[in-house]
Amino acid sequence: MLSRVSFVMVEPSHPGNVGSAARAIKTMGFARLVLVNPRIPDTPAHPEAIALASGATDVLAAARVCDTLEEALAPVTMAFAMTARHRDLGPPACDMRQAAELVREHLAGCADGQDGVQAAIVLGTERSGLTNEQVGMCHRICHIPANPEYSSLNVAQALQLAAYELRYALLGAEALAVAGPRAEPASGEAVEALLAHWEQALIAVGYLDPRHPKKLMPRMRHLFARSGLSREETDLLRGVCTAMIAQSRKIPHGSS
(Lines give C-alpha, C1' and ligand atoms only; values in the text may rest on other atoms or scores of the structure.)
Protein backbone atom coordinates (compact mmCIF):
# COMPACT_ATOMS: atom_id res chain seq x y z
CA MET A 1 0.00 0.00 0.00
CA LEU A 2 2.98 2.32 0.38
CA SER A 3 3.15 2.41 -3.41
CA ARG A 4 -0.34 3.94 -3.57
CA VAL A 5 0.54 7.06 -1.56
CA SER A 6 1.81 10.21 -3.31
CA PHE A 7 3.41 13.32 -1.87
CA VAL A 8 2.50 16.40 -3.91
CA MET A 9 4.57 19.60 -3.76
CA VAL A 10 2.72 22.56 -5.26
CA GLU A 11 4.87 25.17 -7.03
CA PRO A 12 8.18 24.34 -5.31
CA SER A 13 10.67 27.16 -5.76
CA HIS A 14 13.89 25.65 -4.41
CA PRO A 15 15.39 22.49 -5.99
CA GLY A 16 17.11 21.72 -2.68
CA ASN A 17 13.73 21.38 -0.97
CA VAL A 18 12.62 18.93 -3.64
CA GLY A 19 15.76 16.85 -3.15
CA SER A 20 15.28 16.88 0.62
CA ALA A 21 11.65 15.85 0.16
CA ALA A 22 12.71 12.87 -1.98
CA ARG A 23 15.10 11.80 0.77
CA ALA A 24 12.45 12.26 3.46
CA ILE A 25 9.85 10.04 1.83
CA LYS A 26 12.31 7.34 0.73
CA THR A 27 13.53 6.86 4.31
CA MET A 28 9.93 5.87 5.17
CA GLY A 29 9.56 3.49 2.22
CA PHE A 30 7.59 5.73 -0.14
CA ALA A 31 8.52 6.49 -3.74
CA ARG A 32 5.85 8.67 -5.33
CA LEU A 33 6.79 12.35 -5.51
CA VAL A 34 4.70 14.74 -7.61
CA LEU A 35 5.71 18.31 -8.49
CA VAL A 36 3.10 20.83 -9.61
CA ASN A 37 4.38 23.71 -11.74
CA PRO A 38 7.90 23.92 -10.24
CA ARG A 39 9.50 27.34 -10.58
CA ILE A 40 12.68 25.92 -12.11
CA PRO A 41 12.18 23.70 -15.17
CA ASP A 42 13.56 20.16 -14.88
CA THR A 43 13.91 20.55 -11.11
CA PRO A 44 14.53 16.81 -10.52
CA ALA A 45 17.75 17.06 -12.57
CA HIS A 46 19.00 20.21 -10.82
CA PRO A 47 22.41 19.70 -9.12
CA GLU A 48 21.14 21.08 -5.79
CA ALA A 49 18.17 18.71 -5.81
CA ILE A 50 20.41 15.74 -6.55
CA ALA A 51 22.87 16.73 -3.83
CA LEU A 52 20.22 17.07 -1.11
CA ALA A 53 18.43 13.89 -2.18
CA SER A 54 21.45 12.11 -0.69
CA GLY A 55 20.90 8.70 -2.23
CA ALA A 56 17.21 9.11 -3.03
CA THR A 57 17.96 10.04 -6.64
CA ASP A 58 15.72 7.20 -7.86
CA VAL A 59 12.71 8.88 -6.23
CA LEU A 60 13.84 12.22 -7.64
CA ALA A 61 14.31 10.87 -11.18
CA ALA A 62 10.89 9.21 -11.11
CA ALA A 63 9.10 12.34 -9.84
CA ARG A 64 5.99 13.16 -11.84
CA VAL A 65 5.75 16.79 -13.00
CA CYS A 66 2.29 18.29 -13.63
CA ASP A 67 1.12 21.69 -14.81
CA THR A 68 -1.80 21.92 -12.37
CA LEU A 69 -2.93 20.47 -9.07
CA GLU A 70 -6.07 19.20 -10.79
CA GLU A 71 -3.88 17.11 -13.09
CA ALA A 72 -1.83 15.82 -10.14
CA LEU A 73 -4.94 14.73 -8.25
CA ALA A 74 -6.79 13.23 -11.21
CA PRO A 75 -6.00 9.60 -10.23
CA VAL A 76 -6.26 10.24 -6.48
CA THR A 77 -9.28 9.05 -4.46
CA MET A 78 -8.37 10.62 -1.09
CA ALA A 79 -6.27 13.79 -0.82
CA PHE A 80 -5.12 15.68 2.28
CA ALA A 81 -4.11 19.35 2.17
CA MET A 82 -1.38 19.94 4.73
CA THR A 83 -1.76 23.43 6.16
CA ALA A 84 -1.44 25.11 9.54
CA ARG A 85 -3.82 27.96 8.66
CA HIS A 86 -7.42 27.93 9.89
CA ARG A 87 -9.99 27.97 7.08
CA ASP A 88 -13.52 29.26 7.61
CA LEU A 89 -14.69 27.35 4.54
CA GLY A 90 -13.04 24.13 3.51
CA PRO A 91 -12.80 20.38 3.99
CA PRO A 92 -12.91 18.81 7.47
CA ALA A 93 -9.67 19.12 9.46
CA CYS A 94 -7.65 16.54 11.37
CA ASP A 95 -4.11 16.09 12.62
CA MET A 96 -1.53 14.06 10.68
CA ARG A 97 -1.93 10.95 12.85
CA GLN A 98 -5.67 10.90 12.24
CA ALA A 99 -5.02 11.47 8.54
CA ALA A 100 -2.71 8.44 8.47
CA GLU A 101 -5.45 6.30 10.02
CA LEU A 102 -7.94 7.52 7.42
CA VAL A 103 -5.50 6.66 4.63
CA ARG A 104 -5.01 3.19 6.11
CA GLU A 105 -8.75 2.54 6.25
CA HIS A 106 -9.21 3.91 2.74
CA LEU A 107 -6.52 1.74 1.17
CA ALA A 108 -7.04 -1.40 3.25
CA GLY A 109 -10.81 -1.41 2.83
CA CYS A 110 -10.63 -1.94 -0.92
CA ALA A 111 -10.59 -5.32 -2.57
CA ASP A 112 -7.38 -6.76 -3.98
CA GLY A 113 -6.55 -5.45 -7.41
CA GLN A 114 -8.02 -1.99 -6.93
CA ASP A 115 -4.73 -0.26 -7.68
CA GLY A 116 -6.67 2.81 -8.79
CA VAL A 117 -7.41 3.60 -5.14
CA GLN A 118 -4.75 6.15 -4.20
CA ALA A 119 -4.07 8.69 -1.45
CA ALA A 120 -2.04 11.90 -1.53
CA ILE A 121 -0.54 14.44 0.86
CA VAL A 122 -0.48 17.91 -0.69
CA LEU A 123 1.83 20.73 0.43
CA GLY A 124 2.21 24.29 -0.80
CA THR A 125 5.18 26.62 -0.93
CA GLU A 126 7.07 27.57 2.21
CA ARG A 127 6.29 31.24 1.67
CA SER A 128 2.53 31.14 1.07
CA GLY A 129 1.34 27.55 1.52
CA LEU A 130 -1.76 26.39 -0.34
CA THR A 131 -4.45 28.71 -1.68
CA ASN A 132 -8.08 28.26 -0.64
CA GLU A 133 -8.84 26.93 -4.12
CA GLN A 134 -6.07 24.34 -3.86
CA VAL A 135 -7.24 23.28 -0.41
CA GLY A 136 -10.77 22.96 -1.78
CA MET A 137 -9.59 20.35 -4.27
CA CYS A 138 -8.67 18.01 -1.41
CA HIS A 139 -10.95 15.81 0.69
CA ARG A 140 -9.47 16.76 4.07
CA ILE A 141 -7.20 19.30 5.75
CA CYS A 142 -4.45 17.91 7.95
CA HIS A 143 -1.93 19.62 10.22
CA ILE A 144 1.05 18.78 12.39
CA PRO A 145 0.38 19.73 16.03
CA ALA A 146 3.68 21.56 16.50
CA ASN A 147 4.60 24.02 19.24
CA PRO A 148 2.12 26.90 18.80
CA GLU A 149 4.80 29.35 19.94
CA TYR A 150 7.25 28.13 17.31
CA SER A 151 5.67 25.99 14.63
CA SER A 152 8.25 26.68 11.91
CA LEU A 153 8.70 23.55 9.79
CA ASN A 154 10.15 23.57 6.30
CA VAL A 155 8.52 21.51 3.56
CA ALA A 156 10.94 18.58 3.81
CA GLN A 157 10.50 18.38 7.60
CA ALA A 158 6.73 18.39 7.24
CA LEU A 159 6.93 15.65 4.61
CA GLN A 160 9.21 13.59 6.84
CA LEU A 161 6.70 13.71 9.71
CA ALA A 162 3.79 12.94 7.39
CA ALA A 163 5.65 9.99 5.85
CA TYR A 164 6.53 8.64 9.30
CA GLU A 165 2.92 8.72 10.49
CA LEU A 166 1.74 7.07 7.28
CA ARG A 167 4.36 4.33 7.49
CA TYR A 168 3.50 3.67 11.12
CA ALA A 169 -0.19 3.38 10.25
CA LEU A 170 0.20 1.33 7.08
CA LEU A 171 2.61 -1.27 8.44
CA GLY A 172 -0.28 -2.98 10.24
CA ALA A 173 -2.89 -2.32 7.57
CA GLU A 174 -3.18 -5.95 6.47
CA ALA A 175 -5.18 -6.66 9.65
CA LEU A 176 -7.85 -4.22 8.43
CA ALA A 177 -8.42 -5.90 5.08
CA VAL A 178 -12.10 -6.76 4.67
CA ALA A 179 -13.57 -9.76 2.94
CA GLY A 180 -15.55 -9.31 -0.22
CA PRO A 181 -15.62 -6.49 -2.78
CA ARG A 182 -16.14 -2.86 -1.95
CA ALA A 183 -17.36 0.00 -4.10
CA GLU A 184 -14.53 1.59 -6.05
CA PRO A 185 -13.91 5.18 -4.87
CA ALA A 186 -14.31 7.95 -7.44
CA SER A 187 -11.08 9.47 -8.75
CA GLY A 188 -10.38 13.19 -8.52
CA GLU A 189 -10.94 13.44 -12.27
CA ALA A 190 -14.40 11.86 -11.97
CA VAL A 191 -15.42 14.20 -9.15
CA GLU A 192 -14.23 17.26 -11.10
CA ALA A 193 -16.27 16.15 -14.11
CA LEU A 194 -19.30 15.65 -11.86
CA LEU A 195 -18.91 19.14 -10.37
CA ALA A 196 -18.81 20.72 -13.83
CA HIS A 197 -21.88 18.73 -14.92
CA TRP A 198 -23.68 19.55 -11.65
CA GLU A 199 -23.06 23.28 -12.18
CA GLN A 200 -24.50 23.07 -15.70
CA ALA A 201 -27.59 21.31 -14.38
CA LEU A 202 -28.16 23.84 -11.58
CA ILE A 203 -27.92 26.68 -14.08
CA ALA A 204 -30.29 24.89 -16.47
CA VAL A 205 -33.02 24.52 -13.84
CA GLY A 206 -32.57 28.09 -12.61
CA TYR A 207 -31.21 27.22 -9.15
CA LEU A 208 -27.79 28.79 -9.80
CA ASP A 209 -27.42 32.26 -11.28
CA PRO A 210 -23.98 32.30 -12.99
CA ARG A 211 -23.89 36.09 -12.62
CA HIS A 212 -24.23 35.79 -8.84
CA PRO A 213 -22.92 32.33 -7.91
CA LYS A 214 -21.97 33.29 -4.34
CA LYS A 215 -20.41 30.26 -2.62
CA LEU A 216 -22.77 27.59 -3.90
CA MET A 217 -20.26 25.58 -5.97
CA PRO A 218 -17.45 25.66 -3.36
CA ARG A 219 -19.97 24.37 -0.82
CA MET A 220 -21.08 21.66 -3.23
CA ARG A 221 -17.42 20.70 -3.74
CA HIS A 222 -16.94 20.30 0.02
CA LEU A 223 -20.18 18.31 0.28
CA PHE A 224 -19.02 15.86 -2.39
CA ALA A 225 -15.57 15.59 -0.79
CA ARG A 226 -17.07 14.75 2.61
CA SER A 227 -19.35 12.16 1.04
CA GLY A 228 -16.48 10.01 -0.23
CA LEU A 229 -18.29 9.29 -3.50
CA SER A 230 -17.84 5.97 -5.28
CA ARG A 231 -17.38 5.70 -9.02
CA GLU A 232 -20.90 4.28 -9.35
CA GLU A 233 -22.34 7.20 -7.35
CA THR A 234 -20.66 9.81 -9.57
CA ASP A 235 -22.11 8.06 -12.63
CA LEU A 236 -25.55 8.04 -10.98
CA LEU A 237 -25.38 11.76 -10.14
CA ARG A 238 -24.22 12.62 -13.63
CA GLY A 239 -27.29 10.77 -14.92
CA VAL A 240 -29.41 13.00 -12.69
CA CYS A 241 -27.65 16.05 -14.17
CA THR A 242 -28.39 14.88 -17.71
CA ALA A 243 -32.07 14.40 -16.84
CA MET A 244 -32.29 17.84 -15.20
CA ILE A 245 -30.80 19.55 -18.25
CA ALA A 246 -33.05 17.60 -20.66
CA GLN A 247 -36.16 18.40 -18.61
CA SER A 248 -35.30 22.11 -18.45
CA ARG A 249 -35.26 22.25 -22.25
CA LYS A 250 -38.81 20.85 -22.43
CA ILE A 251 -40.29 23.55 -20.17
CA PRO A 252 -41.30 26.73 -22.07
CA HIS A 253 -39.40 29.84 -20.98
CA GLY A 254 -41.21 31.68 -18.20
CA SER A 255 -43.28 28.67 -17.14
CA SER A 256 -43.50 27.74 -13.49
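Quick note: numbers below take in every heavy atom, side chains included, and nothing from hydrogens, waters or symmetry partners. The first residue in the sequence is number 1, and the count goes up from there. Please read these numbers as outputs of a predicted model, since none were measured by experiment.
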Working for side chain to side chain contact (heavy atoms under 4.5 Å, CB included), residues Val117 and Leu107
CA-CA 7 Å; Val117 178; Leu107 298 182; 3.9 Å; yes

Which residue pairs satisfy the ring-ring contact (aromatic ring centres under 6.0 Å, His included) criterion with at least one member in residues 9-37, sequence neighbours excluded?
Phe7-Phe30

Does [X] share a hydrophobic cluster with [Y], counting links as ILVMFWY side-chain heavy atoms below 4.5 Å and allowing steps through other members?
X      : Y      : answer
Val205 : Val240 : yes
Ile25  : Val76  : no
Leu69  : Leu195 : no
Tyr207 : Ile245 : no
Val10  : Val65  : no

From [X] [atom1] over to [Y] [atom2], what is the distance, rounded to the nearest 0.5 angstrom?
X      : Y      : atom1 : atom2 : value
Phe224 : Thr234 : CZ    : OG1   : 10.0 Å
Leu216 : Arg219 : CG    : CZ    : 9.0 Å
Glu189 : Leu194 : CD    : CG    : 13.0 Å
Ser187 : Leu73  : OG    : CG    : 10.5 Å
Asn132 : Met137 : CG    : CE    : 13.5 Å

Judged by atom type as modelled, is there a donor-acceptor pair below 3.5 Å linking the side chain of [X] to the main-chain atoms of [Y]?
X      : Y      : result
Gln247 : Met244 : no
Glu199 : Ala196 : no
Arg39  : Ser13  : yes
Thr57  : Leu60  : no
Thr77  : Gln118 : yes
His222 : Pro218 : yes

Salt bridge (charged side-chain N to carboxylate O under 4.0 Å, His left out) with Arg211: which residues, sequence neighbours excluded?
Asp209

Worked verdict on Val59 versus Arg32 for side chain to side chain contact (heavy atoms under 4.5 Å, CB included):
CA-CA 7 Å; Val59 173; Arg32 287 190 177 184; over 6 Å; no

Compute whether any side-chain donor of one residue and acceptor of the other, for Thr83 and His143, lie under 3.5 angstrom apart.
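No, His143 and Thr83 have no side-chain donor paired with an acceptor closer than 3.5 Å.
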
Report yes if the side chains of [X] and [Y] come closer than 4.5 Å at any heavy-atom pair, otherwise no.
X      : Y      : result
Leu33  : Met9   : yes
Cys66  : Val34  : yes
Asp95  : Glu165 : no
Pro38  : Pro12  : yes
Ser230 : Glu184 : no
Val5   : Leu166 : yes
Met220 : Lys215 : no
Leu208 : Pro213 : yes

Salt-bridge contact Glu192-Arg221 (side-chain N to carboxylate O under 4.0 Å)
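Result for this pair is yes, salt bridge flagged.
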
Determine whether more than 12 heavy atoms belonging to other residues, nucleotides or ligands lie under 6.0 Å from atom CD of Glu48.
yes

For [X] versus [Y], what's the shortest heavy-atom pair and its separation?
X      : Y      : value
Cys142 : Met96  : SG-SD, 3.9 Å
Arg140 : Ala225 : NH1-O, 4.0 Å
Pro44  : Ile50  : O-CG1, 3.8 Å
Ala24  : Ala163 : O-CB, 4.4 Å
Gly124 : Val155 : O-CG2, 3.9 Å
Gln160 : Met28  : NE2-CG, 3.7 Å

Among Ile141, Leu102, Val122, exactly one meets side chain to side chain contact (heavy atoms under 4.5 Å, CB included) together with Phe80. Which residue is that?
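It is Leu102; the other options fail the test.
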
Let's go through Tyr164 and Thr27 carefully: what are the C-alpha distance in whole Å and the side-chain angles of both, what is the deciding distance for side chain to side chain contact (heavy atoms under 4.5 Å, CB included) to 0.1 Å, and is it a yes or a no?
CA-CA 9 Å; Tyr164 167 77; Thr27 59; over 6 Å; no

Starting from the C-alpha separation in whole Å, work towards a yes-or-no answer on side chain to side chain contact (heavy atoms under 4.5 Å, CB included) for Arg104 and Glu101.
CA-CA 5 Å; Arg104 180 177 69 173; Glu101 291 295 329; 2.5 Å; yes

